[in-house]
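Here is the structure we will look at.
We name chains A, B, ... by the order of the sequence lines, and we start the count at 1 in each one. These numbers were taken from a predicted model, which means no experiment stands behind them.
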Amino acid sequence: MSKDKSAKVATPQPVRGTQDMLGDFADRFAHVVETFERVRRLYGFKRVEVPVIEPTAVFARSLGETTDVVSKEMYSFEDRGGESVTLRPEFTAGIARAYITNGWQQFAPLKVATHGPLFRYERPQKGRYRQFHQLDAEVLGSDNPLADAELLVFADQLLKELGIADGVVLTLNTLGDAESRDAWRAALVAHFEGHSGALSEDSLSRLDRNPLRILDSKDPRDRPVADSAPDIDAFLTGAAQDFFGAVTAGLDAAGVAWTRNARLVRGLDYYRHTAFEFVTDRLGAQGTVLGGGRYDGLIENLGGPATPAVGWAAGIERLAMLLTEDAIDNRLDAVIAVEDDDQLAFAMQALAGLRGSGFAAEIVATGSPRKRFDKAAKIPAHALISVSTRDGVPHVNVRGESKRAKDVEAHLPSSPRT
RNA sequence: GCGAUCGUAGCUCAGUUGGUUAGAGCACCGGUUUGUGGUACCGGGGGUCGCGGGUUCAAGUCCCGUCGAUCGCCCCA
């Protein structure tokens, strides 16, 4: 670092809502991704990669051109050719675009999975960043309720293998087919308009924009009206009832626990049938750890053929926060403390030998030699190896009782003979 | 966009009704002690007290503004 303070330059700060990860949290993040990659193979989901940047129209269509979301909450800008482009705020629209433009209809039904960074221009809060990361799984080109069930069983197994299923509950609802949804929506609007005097200001504006959202309002003034609103059940067509019944039967057969949440909704019109969220009470206001649903109308909205599809996404940071302390074992196999610089070459040879044999190993060979043992002892490892000089030759001592420590000891070079 | 809380060393924090030269622990560096040892002690480096303005004899402390962070609201694709 420069000692000339007058020449000090201002360090650029990170972009608001971005984060840097180091050590433990980065390991937890990687553990979530690795577990996802392993489990998705068990379910036959192909890996798919789609661009981080797309024409703004891809997301504008998926989100409804008029909403605040498009105008205020996306990272959009003009490229040098004057085209409006957007950093992806979700995976689904980009995958749907790729499905159309690459002719992936030929592979239908297509099961794909991906993960990576997403961008939303929002105010950061707990577990919610402007650049964040998600896991994503989609089934495109299937109108079979077993596809919904398979995705949910996949999600359930993922959460169980991550060890965070305790305290997480699958909440499930149906939005019906287009006919059911329209009838229910009309009944809801009539109900809310009949009680408009009792609604909060926020919900009065929702009544115009997005009346379904009143159902899950957090404002206590809205709860009586929302709780007394009609469920969709009375408006479901026979086909929609059968569809939902087949999804829940699939879950029951696979042993996946679920609860009905008749208040769980999706605002956008292309959502049909199944809507679901895995919810925890351990993350404050941001309780959803994995959510998704069926979006049979989206691909058509993007100019493609009418194509049924269903999928889910989950925030990697949130999942990483929920991992238990012991989910990650960062311990090295061995740490070598070089207590005498005359034995540095010997210690380096031992270190290279261990690493070459597949052991994770670190060396402590700087600073005061008499403090190196204590320094090494603070590094989590199965085996603590000290190297000193006794009778003019390297003297090695190994501490550690685990099987791994014994393996390490067996791979150390023997002391050179004099 | 709105509200609340908070910004002091690399990290976690203390700092009294405003009052000498702003402290501790951890971390880092050096020394002593111990000598199969994760101990203890001594010392050292490191701070525009987020930034700017104001009140005052005097501001880390009070006031205003600003930037940032956190939590919540809105939104949630």
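Residue Gln125(A) places its side chain closer to C71(B) than to any other of A77(B), C71(B), G30(B). When distances run from any side-chain atom of Lys371(A) to the nucleotides G72(B), G37(B), G30(B), the shortest one goes to G30(B).
Distance CG (Asn397(A)) to P (G37(B)): 9 Å, rounded to an integer number of Å. For the pair Arg318(A) CZ and C76(B) P, the interatomic distance rounds to 14 Å; values are reported in whole Å.
When the C1' atom is compared between A27(B) and C11(B), the two are found 8 Å apart, to the nearest whole Å. Here, G52(B) and G44(B) have their C1' atoms 35 Å apart, quoted to the whole Å. Distance noted for atom C1' between U21(B) and U5(B): 33 Å (whole Å).
Contact annotation for Arg390(A): base contact, defined as any heavy-atom pair under 4.0 Å involving a base atom. At the heavy-atom level, Ser388(A) lies nowhere under 4.0 Å from the strands shown. Nucleic acid contact class of Glu339(A) (heavy atoms, under 4.0 Å, all strands): base. As judged by a 4.0 angstrom heavy-atom cut-off over every strand, Tyr271(A) is placed among residues touching the sugar-phosphate backbone only. Within the 4.0 angstrom heavy-atom criterion, base atoms lie near Arg399(A).
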Check the pair Trp312(A) / Phe154(A) against ring-ring contact (aromatic ring centres under 6.0 Å, His included), numbers first and verdict last.
CA-CA 10 Å; Trp312(A) 55 250; Phe154(A) 172 10; 5.1 Å; yes

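Under 4.0 angstrom from either OP1 or OP2 of C74(B) there lies at least one side-chain N or O belonging to Arg206(A).
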